[in-house]
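Structure record follows, encoded as structure tokens.
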Protein chains: 2
Amino acid sequence: MGSKIPLATVLRLSRYYRRLAHLEGQGMNTISSKKLGEVEGVTSSQVRKDLSLFGSFGTKGLGYPVPELKRNIAYILGLDRKWRVGLVGVGNVGSALTAYKEFHKQGFDIVVAFDNDKRKIGSKRGELVVRDVEDIEEYLKQEKVDMMILAVPADQAQKVAEKVVGCGIRAILNFAPISLRLPPCVFVRDENMVIELEALSFSLMNRRLIE
Amino acid sequence: MGSKIPLATVLRLSRYYRRLAHLEGQGMNTISSKKLGEVEGVTSSQVRKDLSLFGSFGTKGLGYPVPELKRNIAYILGLDRKWRVGLVGVGNVGSALTAYKEFHKQGFDIVVAFDNDKRKIGSKRGELVVRDVEDIEEYLKQEKVDMMILAVPADQAQKVAEKVVGCGIRAILNFAPISLRLPPCVFVRDENMVIELEALSFSLMNRRLIE
DNA sequence: CCATGTGAAGAGGTTCACAGCG
DNA sequence: CGCTGTGAACCTCTTCACATGG
């Protein structure tokens with residue numbers, strides 16, 4: 001239980017968490033690594049290893065207590081608090097995200113939205129009023145924002161990213177289909193939907209794939 | 001140049017492809033692995049290794065010809081053709097995807113959309129008429145569809161996935177925040193937006209992260 | 001006896017380093 | 001001389017296997 005955590009482990013923890021929430025809702029109070037591994041499509045040793053990187057949550061001979069393990073994972077992932085999220089770009093994708101209930105459900109609140117299209121500025125997305133992207137620095141210096149979602153066209157993404165990083169943002173979810181070059185202190189996750197379809201098309205064409 | 005291709009390589013090829021398209025547009029006709037690695041944030045040996053898994057595309061002492069390399073990667077990824085894509089679920093996310101230009105730009109055409117909401121059935125998303133999800137099997141048996149995008153709620157995803165797999169679909173892009181359990185002959189890519197935010201929140205809380 | 005937690009072994013992917021060739 | 005292509009070394013993550021404890 002030490003220092004370097006594989007990214008893959010973090011992503012699996014999210015999946016375990018979601019599954020445990022579901023199982024807890026069904027009244028299950030104990031689960032073995034074998035069972036959890038089966039429903040998530042990983043080996044039981046993978047489950048145990050992932051969890052053991054953060055502590056000992058189970059009981060030998062029995063398994064893991066569902067509600068408690070869920071709480072522990074929530075704590076590990078930082079899901080026991082609210083996160084203030086900003087959005088840049090309210091095109092089709094950005095607008096859909098403002099209405100995406102899973103974010104809010106997990107404590108990620110989109111608290112502000114920006115765009116550079118004069119016709120959109122001032123319009124609303126639910127409760128949110130779209131602001132001028134020119135005002136983004138002023139806003140970020142006054143209001144606390146934990147992470148930013150970029151849903152802007154590819155040719156604007158790098159510029160916008162640098163701007164928000166300059167305002168102290170250290171976590172970015174990037175929907176633009178381009179790789180951002182940012183200092184290593186900034187965490188970036190890409191949500192590149194075309195790349196995922198391309199991975200599928202590759203798989204269909206080359207049935208010798210992957211891992 | 002042989003058999004097993006790492007998934008990570010495939011995903012990087014997509015990024016190289018996009019970058020090469022951009023550089024070609026700027027009139028660049030040759031690029032070294034060093035330069036391409038720099039702009040994509042990977043090592044030059046990584047670039048060379050990735051490409052060498054599929055052939056020899058470069059010239060020693062010079063680098064890679066941009067337009068030709070782009071064409072070669074397009075061929076490898078299956079981007080030199082059109083793909084017929086179906087969509088299930090035209091809520092916020094699904095609707096945004098019907099209007100997402102990057103898909104079409106890369107040859108992924110959403111040719112049909114389904115939903116189970118009577119108020120949505122018959123309505124239009126651009127040119128697309130939303131069909132009743134009850135008719136999905138009938139449709140898939142008549143029309144050729146290469147891959148399906150699932151943008152349905154988590155509690156319906158598994159059922160819908162099994163249904164389309166039963167109709168012969170072998171590639172699924174899953175936006176539902178739940179792990180699908182499907183036969184290994186089916187390629188699934190998850191686009192789990194909450195998980196990505198959770199990876200960011202973990203990173204912010206534990207500045208010792210990843211890899 | 002059952003299932004966890006973990007050191008050791010095994011796979012898989014990345015980086016190194018250099019031979020080879022334009 | 002410069003840069004590719006590639007086997008070998010390295011490193012990271014996964015799986016194995018078993019000691020441990022309820």
Side-chain angles (χ1 to χ4, degrees), chain A residues 1-16 20 23 28-66 68-70 72-73 76 184 199 202 208-211, chain B residues 1-16 20 23 28-66 68-70 72-73 76 184 199 202 208-211:
Chain A
M1 170 185 175
S3 42
K4 272 284 178 47
I5 306 295
L7 169 60
T9 290
V10 177
L11 299 177
R12 280 191 298 269
L13 286 181
S14 286
R15 292 165 49 192
Y16 302 158
L20 291 167
L23 294 172
M28 180 181 276
N29 41 32
T30 295
I31 192 166
S32 66
S33 60
K34 181 158 178 289
K35 196 77 183 45
L36 182 53
E38 273 167 15
V39 291
E40 282 302 319
V42 301
T43 64
S44 61
S45 24
Q46 185 71 83
V47 172
R48 293 199 300 280
K49 182 67 84 182
D50 285 339
L51 296 174
S52 76
L53 293 173
F54 296 95
S56 296
F57 305 113
T59 308
K60 300 189 184 202
L62 233 179
Y64 300 90
V66 171
E68 200 180 314
L69 182 58
K70 177 186 154 233
N72 277 307
I73 296 180
I76 293 166
F202 175 83
R208 43 106 144 156
L209 168 88
I210 280 186
E211 273 175 346
Chain B
M1 173 185 177
S3 44
K4 270 281 177 49
I5 307 296
L7 169 60
T9 290
V10 178
L11 300 177
R12 280 192 298 269
L13 287 181
S14 286
R15 292 167 48 192
Y16 303 158
L20 291 166
L23 295 172
M28 180 182 274
N29 41 33
T30 295
I31 193 167
S32 66
S33 60
K34 182 159 178 289
K35 195 76 182 47
L36 182 53
E38 273 167 16
V39 292
E40 282 302 318
V42 300
T43 64
S44 62
S45 25
Q46 184 72 83
V47 172
R48 293 199 301 278
K49 182 68 84 182
D50 285 339
L51 297 174
S52 76
L53 292 172
F54 297 95
S56 296
F57 306 113
T59 309
K60 302 192 182 199
L62 233 180
Y64 300 89
V66 171
E68 199 180 315
L69 182 57
K70 178 187 153 232
N72 277 306
I73 295 180
I76 293 166
F202 176 83
R208 43 107 147 157
L209 166 89
I210 283 184
E211 272 176 348

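Labels below follow one simple rule: chain letters A, B, ... track the order of the sequence lines, proteins then strands, and each chain is numbered from 1.
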[X] side-chain proximity, nearest of [options]:
| X | options | result |
| --- | --- | --- |
| B:T59 | C:dG22, D:dT14, C:dT6 | C:dG22 |
| A:K60 | C:dT14, D:dC3, D:dG21 | D:dG21 |
| A:A8 | C:dT4, D:dA17, D:dT14 | D:dT14 |
| A:S45 | C:dC18, C:dT14, D:dT15 | D:dT15 |
| A:S52 | C:dC18, C:dT4, C:dG5 | C:dG5 |
| A:Q46 | D:dT15, C:dT6, C:dT15 | D:dT15 |
| A:T43 | C:dA17, D:dT15, D:dC3 | D:dT15 |

Practice problem: Give, for atom CG of B:L20 and atom CD1 of B:I31, the distance between the pair rounded to the nearest 0.5 Å. | Solution: 6.5 Å

Self-check item: Spatial distance of atom CE (A:M28) from atom CG (A:L23) [nearest 0.5 Å]
Solution: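 Those atoms lie 5.0 Å apart.
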
Return the value, rounded to whole Å, for the distance between atom [atom1] of [X] and atom [atom2] of [N].
| X | N | atom1 | atom2 | result |
| --- | --- | --- | --- | --- |
| B:L53 | C:dT15 | CG | P | 14 Å |
| B:R12 | C:dT14 | CZ | C1' | 8 Å |
| B:L36 | D:dG5 | CG | C1' | 16 Å |
| A:L7 | C:dG12 | CG | P | 20 Å |
| B:I31 | D:dG2 | CD1 | P | 18 Å |
| B:D50 | D:dT4 | CG | P | 13 Å |
| A:Y16 | C:dT4 | OH | P | 12 Å |
| B:F57 | D:dT4 | CZ | C1' | 13 Å |

Quiz item: Are any non-hydrogen side-chain atoms of A:I73 and A:L51 less than 4.5 angstrom apart?
Solution: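 Result yes, sub-4.5 Å side-chain heavy-atom pair found.
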
Quiz item: B:T59 versus B:T30: any side-chain heavy-atom pair under 4.5 Å?
Solution: no

Quiz item: Base, sugar-phosphate, or nothing for A:K49, non-hydrogen atoms under 4.0 angstrom?
Solution: base

Practice problem: Remember a base hit wins even if backbone is also touched, and classify A:S44 as base, sugar-phosphate or nothing at under 4.0 Å, heavy atoms. | Solution: nothing

Quick check on [N]: is either OP1 or OP2 less than 4.0 Å from any side-chain nitrogen or oxygen of [X]?
| X | N | result |
| --- | --- | --- |
| B:S33 | D:dT4 | yes |
| A:R48 | D:dC16 | no |
| A:Y64 | C:dC2 | no |

Quiz item: When you look at A:D50 and A:Y16, which way does the side-chain contact (heavy atoms from CB on, under 4.5 Å) test go after all the steps?
Solution: CA-CA 10 Å; A:D50 285 339; A:Y16 302 158; 2.7 Å; yes

